Visitor: 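Could you have a look at this structure, given as structure tokens, before my questions?
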Amino acid sequence: MKKIDKLVLRSFLGPFVLTLCIVVFIFLMRLISQYLNELVGKDIDFLNYVKLLGFFSLITVPVALPLAVLLSSLMTFGNLGEFFELTAIKSAGISTWRAMRSVMVMVAMITLFSFWYNNEVAPWANLKGYSLLYDIKTAKATLNIKEGIFYNDLPGYNIKVDKKFADQRSLKGLVIYRHPTSDYNAGNREVILADSGLMYTINNQSYLVFELYKGNQYSENGQTGGGSYSPSDNRQFTRSYFDHYKMVVSLESFGLKRTDENQFQYHEYMKNAKELQKVADSLKKEYKKTKDGLFPQSKQYFSYAFRAETLPKATAPKYGKWVDSLLKKKPVVSPSEKEQVLASALTQAQNVKSYAQSNKTYLTDKGKTWYRYDLEMHHKYTQAVSCFVMFLLGAPLGAIIKKGGFGIPVLVSVLFFILSYVLTLQGDKWAKDGLVWVPFGAWFSNTLLIFVGIYFADRALKDSRLFDKDVYIIWWERMTKKWQQNNTLKKWRGNKAIYSN
């Protein structure tokens, strides 16, 4: 490796690692802001939150790589141009493409790594991350009994506290309704009123204990008549007074409950390219099989007077003039027979319509599922190739703009990344709706941007001053001067015509 390659490569790797970390952090903050309300306030240990952030950091890497390549390429060649290092390289007889060669080889390796990562690491991280996110979202919130409000998150209990002291243990004025969890229609069978009490957990927060003081317990026993009250029900009401009463409640329903990860493996994000191709081919065969069977299966909804398939070949009717002659004859049918025929025809038409609508819905859903899996399979490749496309955009732009740092490069990078994101979304929408061929929709963004990158590369090779404001100022002054000269010439010609007349 020559010194020039080491110089350019060293200038690229530092910004690349830095921008990759920054972009991953930004996407991670976007995730946290999106699910913030569902993540906080849960009785979940810190380690599970660290795992969640770790998994989603791995998930954001494929999206962050293209943006990191674009920004670091712009910064690298912008710095080389700003400090006239690129000019010195060109004056030594080295072309711009030769100066970019080492970075181009590095980006090609990043592209291969991105494909491997998308195909192997990303499905695993998606499975782990989204399954853990689902479990956290479905976990119950931390036990939080507020003053003057009935708390009903404990199965079988409704609890109200008049006053809760600062130690979060001492309570004043308790009302507790207890009902059987197996039959909610039975209503509240037991009511406990207490003047004061203590609340705390035992056995590593597995059980909640209420120690109640100076209160009454009201309960009813006997048949309930299926949950509705009736005067004929044989019930017994009891009331008992207590000075001290301890009640223990299980907290089994709280905390994080892990779901079997196999329940999430059906999703396209959890599969690699080979598995996606297999599922897409299977869905495609089912779609075509159903579509090809529509017409043969629809025959069962029609009644034919002469079914060719039900008669011997020798006696099977053939189309001809005799059919027209039969149609011209005026049938002699009674009103009841006519009504019966019309009712039968209406029923057949309704059955055919229902059959067609249900199959249309089925084919539409099956087609969209097929397109979705096929599209995700192509994205394993498009996300990797987009790293190289972003390099073709960033390196020539940096050589043309000749500005380093985090100013103009960040602005240009964000603009092109947003453009790439919008084009990708548009292509995906077309592909998922079946409006275009799935490969066309998947590669729509990369195809357009690669032509833009080739254009900028051509401008960079020709030392174009595409983004220099002096060029446009001079052009505007020339156009203004030319316009003034044309106006003067027109006036002179007009005056000459008047004098000649």
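Hydrogens, waters and symmetry mates are skipped; everything else that's a heavy atom, side chains included, is used. Worth saying up front: this structure is predicted, and the values here are computed from it rather than measured. Here, residue 1 is the first one in the sequence, and each next residue gets the next number.
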Visitor: Using side chain to side chain contact (heavy atoms under 4.5 Å, CB included) as the criterion, list what pairs up with L13, not counting sequence neighbours.
Guide: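 Applying side chain to side chain contact (heavy atoms under 4.5 Å, CB included) to L13 gives L9, M106.
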Visitor: So, taking the atom named CE in M390 and the one named CG in L74, what distance separates them when rounded to the nearest 0.5 Å?
Guide: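 That separation rounds to 11.0 Å.
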Visitor: Can you list everything that forms a salt bridge (Lys or Arg N to Asp or Glu O under 4.0 Å) with K353? Sequence neighbours excluded, please.
Guide: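 By the salt bridge (Lys or Arg N to Asp or Glu O under 4.0 Å) rule, K353 matches no residue at all.
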Visitor: Search all heavy atoms of A395 against all heavy atoms of S73 and return the closest pair with its distance.
Guide: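 Closest pair (atom of A395, atom of S73, distance): N-CB, 3.7 Å.
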Visitor: Give every residue pair that meets the side-chain hydrogen bond (donor to acceptor under 3.5 Å, both in side chains) criterion with at least one member in residues 430-440, sequence neighbours excluded.
Guide: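 Every pair satisfying side-chain hydrogen bond (donor to acceptor under 3.5 Å, both in side chains) with a residue in residues 430-440: K429-D433.
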Visitor: Measure across F391 and M100 and return the closest heavy-atom pair with its distance rounded to 0.1 Å.
Guide: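 Answer, listing the atom of F391 first, then M100: CZ-O, 4.0 Å.
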Visitor: Please report the shortest heavy-atom distance between L70 and F417, naming the atom on each side.
Guide: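 Heavy-atom minimum between the residues: CD2-N, 4.3 Å.
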Visitor: Can you tell if the side chain of E286 reaches within under 4.5 Å of the side chain of W370, non-hydrogen atoms only?
Guide: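 No, too far: nothing below the 4.5 Å cut-off.
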Visitor: The criterion is salt bridge (Lys or Arg N to Asp or Glu O under 4.0 Å); which residues satisfy it with R101, sequence neighbours excluded?
Guide: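 Salt bridge (Lys or Arg N to Asp or Glu O under 4.0 Å) list for R101, sorted by chain: D5.
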Visitor: For T76 and S11, which heavy atoms make the closest approach, and how far apart are they?
Guide: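 Reported closest heavy-atom pair: OG1-O, 3.2 Å.
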Visitor: Can a donor-acceptor pair be found, under 3.5 Å and without considering hydrogens, that links the side chain of S354 to the backbone of N351?
Guide: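 Between the backbone of N351 and the side chain of S354 there is no qualifying donor-acceptor contact (under 3.5 Å).
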Visitor: Work out which heavy atom in F16 is nearest to a heavy atom in V69; give both atom names and the distance.
Guide: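 That closest heavy-atom pairing would be CE1-CG2, 3.7 Å.
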Visitor: For Q426, I'd like to know if atom CD has over 12 heavy atoms of other residues, nucleotides or ligands within 6.0 Å.
Guide: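 Counting neighbours around CD of Q426, more than 12 heavy atoms of other residues, nucleotides or ligands fall under 6.0 Å, so yes.
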Visitor: Going by the rule salt bridge (Lys or Arg N to Asp or Glu O under 4.0 Å), which residues pair with E376 if we only count those two or more places apart in sequence or in a different chain?
Guide: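 With sequence neighbours excluded, E376 shows a salt bridge (Lys or Arg N to Asp or Glu O under 4.0 Å) to no residue whatsoever.
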Visitor: When you measure from the side chain of K164 to the backbone of E147, do you find a donor-acceptor pair of N or O atoms at a distance under 3.5 Å?
Guide: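 Side chain of K164 to backbone of E147: no pair is present.
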Visitor: Which residues pass the side chain to side chain contact (heavy atoms under 4.5 Å, CB included) test with V161, sequence neighbours left out?
Guide: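 With sequence neighbours excluded, V161 shows a side chain to side chain contact (heavy atoms under 4.5 Å, CB included) to I145, I159, L171, L174, given in chain and number order.
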Visitor: Would you be so kind as to tabulate the donor-acceptor pairs closer than 3.5 Å made by side chains of residues 107-116, with sequence neighbours excluded?
Guide:
{"unit_1": "T111", "atom_1": "OG1", "unit_2": "V107", "atom_2": "O", "d": "2.9"}

Visitor: Tell me the closest heavy-atom pair linking L449 and S420, and the distance in Å.
Guide: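 Reported closest heavy-atom pair: CD1-CB, 3.5 Å.
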Visitor: Restricting to side chain to side chain contact (heavy atoms under 4.5 Å, CB included), what partner residues turn up for T382, sequence neighbours left out?
Guide: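 H379, A442, W443, N446.
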Visitor: Does the ring center of Y117 lie less than 6.0 Å from the ring center of W124?
Guide: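 Centroid separation for Y117 and W124: 6.0 Å or greater.
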Visitor: I'd like a table of donor-acceptor pairs (distance under 3.5 Å, sequence neighbours excluded) in which one partner is a side-chain atom from residues 271-281, with atom names and distances.
Guide:
{"unit_1": "K271", "atom_1": "NZ", "unit_2": "Q265", "atom_2": "O", "d": "3.0"}
{"unit_1": "N272", "atom_1": "OD1", "unit_2": "K274", "atom_2": "N", "d": "3.3"}
{"unit_1": "N272", "atom_1": "OD1", "unit_2": "E275", "atom_2": "N", "d": "2.9"}
{"unit_1": "E275", "atom_1": "OE1", "unit_2": "N272", "atom_2": "N", "d": "3.3"}
{"unit_1": "Q277", "atom_1": "NE2", "unit_2": "D281", "atom_2": "OD1", "d": "2.9"}
{"unit_1": "Q277", "atom_1": "NE2", "unit_2": "D281", "atom_2": "OD2", "d": "3.3"}

Visitor: Which residues pass the salt bridge (Lys or Arg N to Asp or Glu O under 4.0 Å) test with K284, not counting sequence neighbours?
Guide: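 Salt bridge (Lys or Arg N to Asp or Glu O under 4.0 Å) check on K284 returns nothing, list empty.
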Visitor: With distance as the sole test, does T347 use its side chain to make a donor-acceptor pair with the main-chain N or O of A343 at under 3.5 Å?
Guide: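 Yes, T347 side chain to A343 backbone: donor-acceptor pair under 3.5 Å.
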Visitor: Do the ring centers of F56 and Y130 come within less than 6.0 Å of each other?
Guide: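 Yes: the rings meet the under 6.0 Å criterion.
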Visitor: What donor-acceptor contacts under 3.5 angstrom involve side-chain atoms of residues 22-33, with partners at least two apart or in another chain?
Guide:
{"unit_1": "S33", "atom_1": "OG", "unit_2": "M29", "atom_2": "O", "d": "3.2"}
{"unit_1": "S33", "atom_1": "OG", "unit_2": "R30", "atom_2": "O", "d": "2.8"}

Visitor: Name all residues meeting the side chain to side chain contact (heavy atoms under 4.5 Å, CB included) criterion together with L346; count only those two or more places apart in sequence or in a different chain, and write none if there are none.
Guide: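 L346 satisfies side chain to side chain contact (heavy atoms under 4.5 Å, CB included) with Q350 only.
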